[in-house]
Every structure is written in C-alpha cells, then in structure tokens.
Amino acid sequence: MFSKPKETVADQPALDLANIPAHIAIIMDGNGRWAKARHLPRVAGHQQGMQTVKKVTIEASRLGVKVLTLYAFSTENWKRPSSEVNFLMQLPIKFFDTFVPELIENNVRVMVMGDLTALPAPTQAVVKKAMAQTAACTGMVLNFALNYGGRAELVRAAQALARQVEQGALAAEAIDEAHFEQALMTAPLGELAAPDLLIRTSGEERLSNFMLWQVAYSEFVFLDEHWPDFDGASLRHAIEVFQHRHRRFGGL
Ligand SMILES: CCc1cc(N2CCCCCC2)n2ncc(-c3ccc(F)cc3)c2n1
C-alpha cells in the first residue's frame, strides 16, 4: 500500500512497454495545497491541474494505456464554496475548447461516468459534444469521473437489478458479480472496467469513495507530489512501481 521513494525505482529496469497497465485510474489530489504553498488562490491549483491532465493524457496514450480514468469531481465536492464549484464547472469547457483537436490527433476517445444531470447545462453540453466528436476514436479511452461517487454507483446498480427482479426479468438468486458489473457505470468498458493501477497524489492514502467495486484487485501507488507537479516522468515512475510488483518471471 506504499509508494516506493523515487530513488528505489531508479535502480529498477526501465519501463517494460510490454507490461503497461491496461487501465490506470488517478485521484488527482493536492491542487489546493500546491496553490497554498505558492501563496496563490486555490483555483490557480485547479487551473494548473487541468494542464497536468493534458500532459498525462498524451503520455498515457503514448505508452499504450487503454483506459485512463481521472477523478475530476466527486459527489462530496459540492460542499466546497460556491465560487470554487463554479470555477471547477468551467474547467471541462476550458479543457475541450483547446484540447479536442489534440485528443482526436492522438485517437483518444472521451467517456464520462457520474450523474451529469446535476452539472450546469453548459458543462453538460461541452462534455456531450466532446464525447460525440471523439466517438470514432479507437485508441485510449479518457474516462472522466464527474459528479461521481462509488457508493452512489453501487446503490444505482442495486436499484437497477431490483427493478429487473420486480419486473420478473431476473430471479434474485440469479444475481451474480457479472450482473452487478453490467449495472455499474463502467459497464461500457467491458473487460477493461477494473483499474490495474490506482494512483493517488499528494500523500493521502484513501480511496475517497472512488470506484469501490472496480478497485477490488487494483495495485495502489501513493505519491507525495501534488497533482499540478505530476508529469510524464511521474506517470512512468508509478508504472515502474506497478511493474516491480507485477514482475514477470518467464511464463508466469
Ligand atoms: C469538473 C471538475 C474538474 C476539475 C478539474 N481540475 C480540478 C481538480 C482536479 C485536477 C484536474 C483539474 N478538471 N480538469 C479536467 C477536467 C475535465 C472534466 C471533464 C471533462 F469532460 C473534461 C475535463 C476537470 N474537471
């Protein structure tokens, strides 16, 4: 459950491009602390954090990651000051205003999971438009968790299955893990729904209600750097830690 200090990985073999985790999920933490350390307003950390999203998206795609899930806004984030929430709701608009051409150029498809109906209409519109514009891309899936909560996702899945039982379409005794996975927001990802690697920045070692079902067998790598300081080298470092735990000895 502990990330290795960078120096211990330096003496490991370089990145094994044949063992890149297919699905990487990231809890992008530390934006406010990054800003505070620089005597900047919190929103400056969020703005810089968005630039990091762009850098990491391109590097993950270049490395051959198949799904990159980013925890952008949790159901708990609504409790923040309205001024900060309003700024955060503008970030998807700013992100896609400048980044859709580069996403398409890199064959990256945008997907979103969460309750989008609660987001402001302009935010919903730009997200739906970006998903439509990148729908034909067949490369990496960039999956944003937006107004997402792991417990809410499980309750929503249980309600969907209960409705099927009520309608006589499903016997309660027949419900198994596959039925649950089909009712989760990650169902469209199929076999790639479960993150192989979960990264959390800024030193916190908690799940914070993120992908509770899907991370049952994920490797967790916790890094001390704040999200705005995270970059391609940080991503490669986290993957090397993952690979060091998943060493392949011959045909294993
Ligand atoms: C809605 C809150 C939020 C916050 C945020 N931050 C602030 C906090 C986390 C660190 C990253 C920068 N980003 N960065 C990209 C997006 C984004 C979300 C959906 C989408 F389809 C495209 C882009 C984003 N969304």
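What you see is a predicted model, and the numbers here were worked out from it, not measured in a lab. For ligands, and for the atoms within them, numbers begin at 1 and follow the listed sequence.
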For ligand 1, which atoms, with element, lie under 4.0 Å from some heavy atom of [X]?
X	answer
H46	7 (C), 8 (C), 12 (C)
W227	10 (C), 11 (C)
V127	21 (F)
N31	8 (C), 9 (C), 10 (C)
F95	22 (C), 23 (C)

Inset, instruction - Would you check whether F96 reaches within less than 4.0 Å of ligand 1, judged by its heavy atoms? - result: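 Under 4.0 Å: yes for F96.
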What part of [X], side chain from CB on, backbone N/CA/C/O, both or neither, has a heavy atom under 4.0 Å from ligand 1?
X	answer
L88	both
V110	neither
T52	neither

Inset, instruction - Over 60° means perpendicular and under 30° means parallel, so classify the ring planes of F230 and W227, tilted if in between. - result: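 The rings of W227 and F230 lie parallel, inter-plane angle below 30°.
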Inset, instruction - Classify the angle between the aromatic ring planes of W78 and F73 as parallel (below 30°), tilted (30 to 60°) or perpendicular (above 60°). - result: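 Geometry flag for F73 against W78: perpendicular rings.
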Inset, instruction - Apply salt bridge (Lys or Arg N to Asp or Glu O under 4.0 Å) to R38 and D229, showing your working. - result: CA-CA 12 Å; R38 289 159 179 75; D229 290 326; 3.6 Å; yes
Inset, instruction - Return the residue, atom name and 0.1 Å-rounded distance of the protein heavy atom closest to atom 17 (C) of ligand 1. - result: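 Atom 17 (C) of ligand 1 sits closest to the protein heavy atom F144 CE2, 3.6 Å.
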Legend entry - Top protein contact for atom 25 (N) of ligand 1, by heavy-atom distance: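 Answer for atom 25 (N) of ligand 1: A72 CB, 3.6 Å.
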Inset, instruction - Look at atom 1 (C) of ligand 1 and find which of T201, L146, L91 reaches it with the closest heavy atom. - result: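 Checking each option, the heavy atom nearest atom 1 (C) of ligand 1 is found in L146.
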Inset, instruction - Group every Ile, Leu, Val, Met, Phe, Trp and Tyr by side-chain heavy-atom contacts under 4.5 Å, then state whether L88 and L40 land in the same group. - result: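 No, separate clusters.
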Legend entry - Donor-acceptor pair, side chain of T57 and main chain of V53, under 3.5 angstrom: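 Yes.
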Legend entry - Donor-acceptor contact present, side-chain Q124 to main-chain T117, <3.5 Å: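 It does hold such a pair.
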Legend entry - Distance, nearest 0.5 Å, that separates CE of M28 from CZ of R200: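 If we round to the nearest 0.5 Å, M28:CE and R200:CZ are 11.5 Å apart.
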Legend entry - Identified side chain to side chain contact (heavy atoms under 4.5 Å, CB included) partner of W34 from the options E225, R42, H226, H46: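 The single option meeting the side chain to side chain contact (heavy atoms under 4.5 Å, CB included) with W34 is H226.
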